Asker: 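My questions will all concern the structure given below.
Every value quoted in this text rests on a predicted model; they were computed, and no experiment measured them. Values below: all heavy atoms of this structure, side chains included; hydrogens, waters and symmetry mates excluded.
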Amino acid sequence: MWLYLALLVGLYFLLRWYREGQTVENLREKYIFITGCDSGFGNKLAKQLDAQGLRVLAACFTQKGAEELERLTSDQLKTTILDISSTESVAAATEWVKGIVKNKGLWGLVNNAGIGFPTAPNGWLTKDDFAKVINVNLLGLIDVTLHMLPLVREARGRIVNVASVMGRVAGFGGGYCPSKYGVEAFSDCLRRELLPFQVRVSIIEPGAFANPIVTTVQEYMKGTWDRIPSDIKDAYGKQYFEFYCKAFQDLIKDASSNLYLVTDCMEHALTSRYPRTRYSAGWDAKFFYIPLSYMPTFVIDYVMGRLSPKPAQAI
């Protein structure tokens, strides 16, 4: 019995490997629009796809980022400036894309742009702190998708949304985790809606990687601590704040610097004939956060609680 089971499992993975290894035809003729290309995953993916001859349309937040990317890539890659929290900016970028792709449509939309701050215990933050992150990571992503959707539908293409393992297991306070849970929900709903149009939607769920989102969080956390009322400081205590900061220092120190683990997932979602619905990137994602997300709530609470500091006035 066990032998037959092992054979079936082996056959399943062999078939999946074969299917996922088949690539889409005429890739060099297809246009890919990527947000957040100043640095991190978006920058790496733009260079990666450009090196393979795809027609990359890279959206950067700053002119400096766009110029630097153009300097390091081929003449085929084109850049534009995009603030995904501004509908006017998104509409302008959409018209720019339309003018380039014309009747070919847009094969790939990669929603990568995002921010990670303000991040801190929820009791230290305001509604505006949450809104700042959600307006970019979730509402901005939705805005870009809705504007670009007719172009993707025309090409029967792909939408790749960058979520996070923090969209499966909430690890800290602030708008980042709610925004990534929202990306998961929006992507699931969108995937089912677009299946009849032969448009595929994939979700990327990275673990901890050494990108600008991770490295800038700690700076903003100190600013948040400095401005909260004294009664909240007394409730949590200075040791709690120091432990919280050290946890992010450890996260930065242990984060993977191999961004290809993420960009290879993005590339597969764009180029494979049979892309996956979800891609977990990084060993922490595959062997800790994703398995943990399937556990009963009390198990998740216990594990995450063991990783958290104890407030000074805890009962």
Side-chain angles (χ1 to χ4, degrees), residues 32-46 56-69 78-98 106 108-120 122 124-152 159-164 166-167 170 172-187 189-190 201 203-204 206 211-221 223-224 227 266:
I32 312 292
F33 181 76
I34 310 168
T35 66
C37 291
D38 297 77
S39 59
F41 302 138
N43 185 273
K44 181 74 73 175
L45 179 65
V56 178
L57 307 177
C60 297
F61 185 64
T62 65
Q63 186 64 43
K64 180 181 177 181
E67 291 173 355
E68 181 67 11
L69 182 58
K78 301 181 186 302
T79 63
T80 190
I81 306 302
L82 172 63
D83 175 3
I84 67 171
S85 66
S86 164
T87 296
E88 292 77 14
S89 181
V90 172
T94 304
E95 291 303 313
W96 176 78
V97 172
K98 284 180 182 178
L106 182 64
L109 167 61
V110 182
N111 283 307
N112 164 75
I115 60 175
F117 50 83
T119 293
N122 291 313
W124 302 4
L125 301 173
T126 66
K127 176 185 174 182
D128 288 341
D129 291 328
F130 282 84
K132 181 178 179 180
V133 182
I134 292 171
N135 282 340
V136 174
N137 291 2
L138 178 57
L139 298 181
L141 179 149
I142 292 173
D143 200 14
V144 172
T145 302
L146 296 181
H147 275 81
M148 298 285 180
L149 192 53
L151 297 175
V152 179
I159 297 174
V160 180
N161 291 332
V162 180
S164 169
M166 292 293 107
F172 44 79
Y176 186 81
C177 294
S179 72
K180 293 304 182 180
Y181 269 81
V183 171
E184 295 272 352
F186 173 68
S187 301
C189 181
L190 187 68
V201 178
I203 306 170
I204 312 294
N211 63 51
I213 283 184
V214 174
T215 55
T216 54
V217 163
Q218 191 178 345
E219 304 170 20
Y220 286 83
M221 199 183 308
T224 301
R227 69 172 167 80
M266 295 173 170

Asker: Does some side-chain heavy atom of Ile84 sit less than 4.5 Å from a side-chain heavy atom of Ser89?
Answerer: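 No; the side chains remain at least 4.5 Å from each other.
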
Asker: Side-chain contact test, heavy atoms from C-beta onward, threshold under 4.5 Å: evaluate it for Leu57 versus Thr80 and give yes or no.
Answerer: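 Not in contact.
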
Asker: Please give me the minimum heavy-atom distance between Asn112 and Gly36, naming the atom from each residue.
Answerer: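 Closest heavy-atom pair between Asn112 and Gly36: ND2-O, 3.0 Å.
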
Asker: Hey, could you give me the CD1/OG distance between Ile203 and Ser164, rounded to the nearest 0.5 Å?
Answerer: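 That separation rounds to 12.0 Å.
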
Asker: Going by heavy atoms in the side chains, are Thr145 and Phe186 under 4.5 Å from each other?
Answerer: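 Touching, per the 4.5 Å side-chain cut-off.
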
Asker: Is a donor on one side and an acceptor on the other found under 3.5 Å between the side chain of Asn161 and the backbone of Ser187?
Answerer: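 Checking the backbone N and O of Ser187 against the side chain of Asn161, no donor-acceptor pair under 3.5 Å is found.
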
Asker: Determine whether Cys60 and Leu82 make a side-chain contact, defined as any pair of heavy atoms from C-beta on separated by less than 4.5 Å.
Answerer: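 Sidechains of Leu82 and Cys60: no contact.
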
Asker: Ignoring hydrogens and angles, tell me if any N or O in the side chain of Asn135 forms a donor-acceptor pair with the backbone of Ala131 under 3.5 Å.
Answerer: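 Answer holds: yes.
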
Asker: Say you draw a straight line from CG of Leu138 to CD1 of Ile142; how long is it, rounded to the nearest 0.5 Å?
Answerer: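 Output value for this atom pair is 4.0 Å.
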
Asker: So which of Ile159, Ile204, Val162 actually passes side chain to side chain contact (heavy atoms under 4.5 Å, CB included) with Asn111?
Answerer: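 It is Ile159, the one option of Ile159, Ile204, Val162 that forms the side chain to side chain contact (heavy atoms under 4.5 Å, CB included) with Asn111.
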
Asker: Any donor-acceptor pair under 3.5 Å linking the side-chain atoms of Asp38 with those of Thr62?
Answerer: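 Note: Thr62 and Asp38 side chains meet the donor-acceptor criterion.
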
Asker: Applying side chain to side chain contact (heavy atoms under 4.5 Å, CB included) to Trp124 and Arg227, what does each step give before you reach the verdict?
Answerer: CA-CA 9 Å; Trp124 302 4; Arg227 69 172 167 80; over 6 Å; no

Asker: Taking the side chain as every heavy atom from C-beta outward, state whether Val160 and Leu109 have any pair of such atoms under 4.5 Å apart.
Answerer: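 Of all side-chain heavy-atom pairs linking Leu109 with Val160, none is under 4.5 Å.
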
Asker: Of all residues at least two apart in sequence or in a different chain, which pass the ring pair (Phe, Tyr, Trp, His ring centres under 6.0 Å) check with Phe41?
Answerer: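 With sequence neighbours excluded, Phe41 shows a ring pair (Phe, Tyr, Trp, His ring centres under 6.0 Å) to Phe209, given in chain and number order.
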
Asker: What are the two closest non-hydrogen atoms of Tyr176 and Gly116, and how far apart are they?
Answerer: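 In terms of heavy atoms, the two residues are closest at CD1-CA, 3.9 Å.
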
Asker: If you compare all heavy atoms of Met148 against all heavy atoms of Leu106, which two are closest, and at what distance to 0.1 Å?
Answerer: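 Nearest heavy atoms, Met148 then Leu106: SD-CD2, 4.1 Å.
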
Asker: Gly175 and Val133: which non-hydrogen atoms are nearest, and at how many Å?
Answerer: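 Looking at all heavy atoms of both residues, the shortest contact is C-CG1, 3.7 Å.
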
Asker: Going by atom type alone, with no hydrogens or angles, which donor-acceptor pairs under 3.5 Å involve a side-chain atom of residues 91-98 and a protein atom two or more places apart or on another chain?
Answerer:
unit_1: Thr94; atom_1: OG1; unit_2: Val90; atom_2: O; d: 2.8
unit_1: Glu95; atom_1: OE2; unit_2: Lys98; atom_2: NZ; d: 3.4

Asker: Which pair of heavy atoms, one from Lys180 and one from Met166, lies closest together, and at what distance?
Answerer: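 Shortest heavy-atom separation between Lys180 and Met166 comes out as CB-C, 4.4 Å.
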
Asker: Between CZ of Phe33 and CG of Leu151, what distance do you get to the nearest 0.5 Å?
Answerer: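 Separation between the atoms: 10.0 Å.
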
Asker: On a heavy-atom basis, which atom in Ser85 and which in Val136 lie closest, and how many Å separate them?
Answerer: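 What the structure gives for the nearest pair is CB-CG2, 4.1 Å.
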
Asker: Roughly how far, to the nearest 0.5 Å, is CG of Leu45 from CD1 of Ile32?
Answerer: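 CG of Leu45 is found 8.5 Å from CD1 of Ile32.
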
Asker: How long is the gap from CG on Leu190 to CG on Leu149, to the nearest 0.5 Å?
Answerer: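 Those atoms lie 6.5 Å apart.
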
Asker: State the OG-CD1 distance between Ser179 and Ile134, to the nearest 0.5 angstrom.
Answerer: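 Ser179 atom OG to Ile134 atom CD1 measures 6.5 Å (nearest 0.5 Å).
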
Asker: Can you tell if the side chain of Asn122 reaches within under 4.5 Å of the side chain of Phe130, non-hydrogen atoms only?
Answerer: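 SC-SC contact between Asn122 and Phe130 confirmed.
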
Asker: Counting only heavy atoms not in Phe61, do more than 12 sit closer than 6.0 Å to its CZ atom?
Answerer: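 No - once you tally the heavy atoms of other residues, nucleotides and ligands closer than 6.0 Å, there are 12 at most.
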
Asker: For Thr35, what residues pass the side-chain hydrogen bond (donor to acceptor under 3.5 Å, both in side chains) criterion, not counting sequence neighbours?
Answerer: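 Partners of Thr35 by the side-chain hydrogen bond (donor to acceptor under 3.5 Å, both in side chains) criterion come out as none, since no residue qualifies.
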
Asker: Compare all side-chain heavy atoms of His147 with those of Thr87 and state whether any distance is below 4.5 angstrom.
Answerer: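 Yes, at least one pair of side-chain atoms sits under 4.5 Å.
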
Asker: With distance as the sole criterion, is a donor-acceptor pair present between the side chains of Asp128 and Thr126 under 3.5 Å?
Answerer: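 No, Thr126 and Asp128 have no side-chain donor paired with an acceptor closer than 3.5 Å.
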
Asker: Between Asp83 and Glu88, is there a side-chain heavy-atom distance shorter than 4.5 Å?
Answerer: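 A side-chain contact is absent here, since even the closest heavy-atom pair is not under 4.5 Å.
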
